Enquirer: 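One structure follows; several queries about it will come next.
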There are 2 protein chains.
Amino acid sequence: MTRRHNRTRADRGIPEATVARLPVYLRVLHSLQERGVATVSSEELAAAAGVNSAKLRKDLSHLGSYGTRGVGYEVDYLVYQISRELGLTQDWVVAIIGVGNLGRALAGYGGFASRGFRVAALFDSSPSVVGERISGLTVRHIDELESVIAEQGVSIAVIATPAAAAQSMCDRVVAAGVTSVLNFAPVVLSVPEGVDVRKVDLSIELQILAFHEQRKAGGPGDAEPAETAEEDWTGEMADRLKTDPDASADAHGDRQEGEKPSGTSQYIEAVEA
Amino acid sequence: MTRRHNRTRADRGIPEATVARLPVYLRVLHSLQERGVATVSSEELAAAAGVNSAKLRKDLSHLGSYGTRGVGYEVDYLVYQISRELGLTQDWVVAIIGVGNLGRALAGYGGFASRGFRVAALFDSSPSVVGERISGLTVRHIDELESVIAEQGVSIAVIATPAAAAQSMCDRVVAAGVTSVLNFAPVVLSVPEGVDVRKVDLSIELQILAFHEQRKAGGPGDAEPAETAEEDWTGEMADRLKTDPDASADAHGDRQEGEKPSGTSQYIEAVEA
DNA sequence: GCCTGTGAAAATGTTCACAGCA
DNA sequence: TGCTGTGAACATTTTCACAGGC
């Protein structure tokens, strides 16, 4: 009883794994539209999306029976169905918090244009940034956060502040009514029930790649797989691994990293385009 | 028989889901180190990392028995073990391809400093960018890609080019010897066996949030769950959904999007003022 | 008594393989 | 014949719950 109606055809319960792939299918379908392709088979679509065709068919079957046996899927129709399922047939109002290097890149990113998202406001705390015009928007001071979010009906906030400011900014946007947060700061945000958070994190991605890269060579440290517990561990190694960065307070508030490696601070994560 | 040695204690087969979480634990542990915390329980660590404690314990158990019953885990030691497992006790040489808004943000991102990653080169094709100095590095022309990758021993490439250039740049870095790629361009990259690709994609994340956001309101279109197949579909809706953006070629080669709402692009620019 | 490490159960996700419709 | 839609097998991941060491 997740939703009000009694389960129908496609059922309202689409698996998370499927939801995460629908945007990929949609992107491929869009480019097929551009190339004037009218129909596509699960095999072709799957190949272009980088998944196996059985998986693609099962994914699409969760939305309903939108294909034609012996033929394939009609591109336009499928685009419409997936868009509708993802909620892209309506507009979502987005606010970007933190206008540093990353925030600028995001604000200037035409990808929001991928229909469905409208960046309505940019916020920063630094006087040297507030008032600046970026991609057609004037950067506002975070003091205006609550009022602007309410006025504009922002429902998605993109947090692109330094790690130290992320949680407090998150708390504020949530208190102001935002129910979805996309976090680019390298911290684990905690939010109340009912609020969704997704994170994008460059250093995590790099570390995962490093893990596999190491495997291609040969096990951890590229040496013996470490048999016993204490093995080659020495207290002094702890120091080599100490100079942390992450959650370290930025002393200040909302300046983005990059320019000056202020103290030990660094980080501010990832991104996207 | 994944690796050469016969399975030992921790076994070389760490689940992917676990690998993806280790960096998060590591980040939390680093901040505990900074705060001078010497020991932590699975409950505390899990809470800070935003996961359930049973999951955390199982994850760590894949690395070995590094905890003490009745006590918890020694922070320094765990940092060392996770770092080693992730391959962060050695340095990985990184190259960033594409120095647009995003590439700059990435290049200036101190997060690489999180030990283990060293940005050794920046590449772009635009004459107006080549030669520029960013974060201590001089931007090189992509013609030098192959030679620099070989010289510097780059093993991880970060692709921050427009969608249209991504696959060809990927092919080149792979041919030059790179075996791990972090892709920020909105395209599905295809690579030969043995090469790892991870993607970071803003619009996909936003779309996933939109899906859940829509659910909080009420089903697709916020209207009837669409009973029959043809339902409210009309051909004209196809047009509303056509003017794609994403995979659309940028005509040029390596300029980042944002500045010029090239052609059909919408939103972003016009919005607000 | 407290907290780790882990079997076993449950849930989720993937792949196979084929029935059945166009 | 060709390709979708889907049961059923398989694989992975999560969660439970508790045995056992400190």
Side-chain angles (χ1 to χ4, degrees), chain A residues 2 7-22 24-25 29 32 37-75 77-78 81-82 85 208 212 228-230, chain B residues 2 7-22 24-25 29 32 37-75 77-78 81-82 85 208 212 228-230:
Chain A
T2 314
R7 292 312 159 68
T8 52
R9 178 208 52 188
D11 183 343
R12 252 74 285 291
I14 298 180
E16 263 308 300
T18 294
V19 172
R21 283 186 296 264
L22 290 178
V24 179
Y25 303 153
L29 287 165
L32 289 176
V37 178
T39 284
V40 67
S41 70
S42 65
E43 202 68 59
E44 298 166 317
L45 187 48
V51 304
N52 134 344
S53 69
K55 177 146 64 182
L56 179 132
R57 288 198 302 279
K58 183 143 288 185
D59 281 343
L60 295 186
S61 78
H62 285 117
L63 315 192
S65 269
Y66 297 145
T68 307
R69 288 163 202 244
V71 180
Y73 301 88
E74 196 208 326
V75 176
Y77 187 49
L78 199 48
Q81 291 300 345
I82 294 179
E85 200 63 54
I208 295 170
H212 294 295
T228 62
E230 292 302 311
Chain B
T2 313
R7 293 311 159 70
T8 53
R9 177 207 57 192
D11 183 343
R12 254 72 285 291
I14 298 180
E16 263 308 301
T18 294
V19 172
R21 283 185 296 265
L22 290 179
V24 179
Y25 303 153
L29 287 165
L32 289 175
V37 178
T39 285
V40 67
S41 71
S42 66
E43 202 67 60
E44 298 166 318
L45 187 49
V51 303
N52 129 347
S53 69
K55 177 146 63 183
L56 178 133
R57 286 199 302 278
K58 181 142 288 187
D59 282 342
L60 295 186
S61 78
H62 286 116
L63 314 193
S65 271
Y66 297 147
T68 306
R69 290 164 201 241
V71 180
Y73 301 89
E74 196 208 324
V75 175
Y77 187 49
L78 200 48
Q81 290 299 347
I82 295 179
E85 199 63 53
I208 295 171
H212 293 295
T228 62
E230 289 304 309

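Here is the naming used below: chain letters follow the sequence lines, and residue numbers restart at 1 for every chain. Here the structure is a predicted model, which means the values were calculated and not measured.
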Enquirer: Look at A/Tyr66 and D/dC3 and indicate whether a side-chain polar atom (N or O) is within less than 4.0 Å of OP1 or OP2.
Expert: no
Enquirer: Would you give a per-nucleotide map of nucleotides 16-22 of chain C, 5' to 3', where B means the base has a protein non-hydrogen atom under 4.0 Å away, S means only the sugar-phosphate does, and - means neither?
Expert: BB-BBBS
Enquirer: Of all residues at least two apart in sequence or in a different chain, which pass the side chain to side chain contact (heavy atoms under 4.5 Å, CB included) check with B/Ala47?
Expert: none
Enquirer: Between D/dG5 atom C1' and A/Leu63 atom CG, what is the distance in whole Å?
Expert: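 Roughly 13 Å, once rounded to whole Å.
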Enquirer: Could you tell me which residues satisfy salt bridge (Lys or Arg N to Asp or Glu O under 4.0 Å) with A/Arg57, sequence neighbours excluded, listed by chain and number?
Expert: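 Not a single residue meets the salt bridge (Lys or Arg N to Asp or Glu O under 4.0 Å) criterion with A/Arg57.
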Enquirer: Between C/dA11 atom C1' and A/Glu16 atom CD, what is the distance in whole Å?
Expert: 14 Å
Enquirer: Using the test side chain to side chain contact (heavy atoms under 4.5 Å, CB included), find all partners of B/Ala48 that sit at least two apart in sequence or belong to another chain.
Expert: B/Val28
Enquirer: Answer whether the closest heavy-atom distance between the side chains of A/Val51 and A/Val24 falls below 4.5 Å.
Expert: no
Enquirer: Just grab all the salt bridge (charged side-chain N to carboxylate O under 4.0 Å, His left out) pairs involving residues 59-70 of chain B, residues at least two apart or on different chains.
Expert: B/Arg21-B/Asp59
Enquirer: Output the residues of residues 38-51 of chain B in contact with DNA chain D, where contact means a heavy atom of the residue under 4.0 Å from an atom of the strand; sort by number or write none.
Expert: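 Nucleic-acid contacts, sorted: none.
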Enquirer: May I have the distance from A/Asp59 (atom CG) to D/dT6 (atom C1'), rounded to whole angstrom?
Expert: 13 Å
Enquirer: I need the NZ-P distance between B/Lys55 and C/dA11, as an integer number of Å.
Expert: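 Taking atom P of C/dA11 as the reference, NZ of B/Lys55 is at 15 Å.
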Enquirer: Taking atom C1' of C/dT4 as reference, at what distance in whole Å does atom CG of B/Leu56 sit?
Expert: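 B/Leu56 atom CG is separated from C/dT4 atom C1' by 11 Å.
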Enquirer: Have a look at the helix from C/dG1-D/dC22 to C/dA22-D/dT1 and give the angle its two end axes make, five pairs each, rounded to 10 degrees.
Expert: 0°
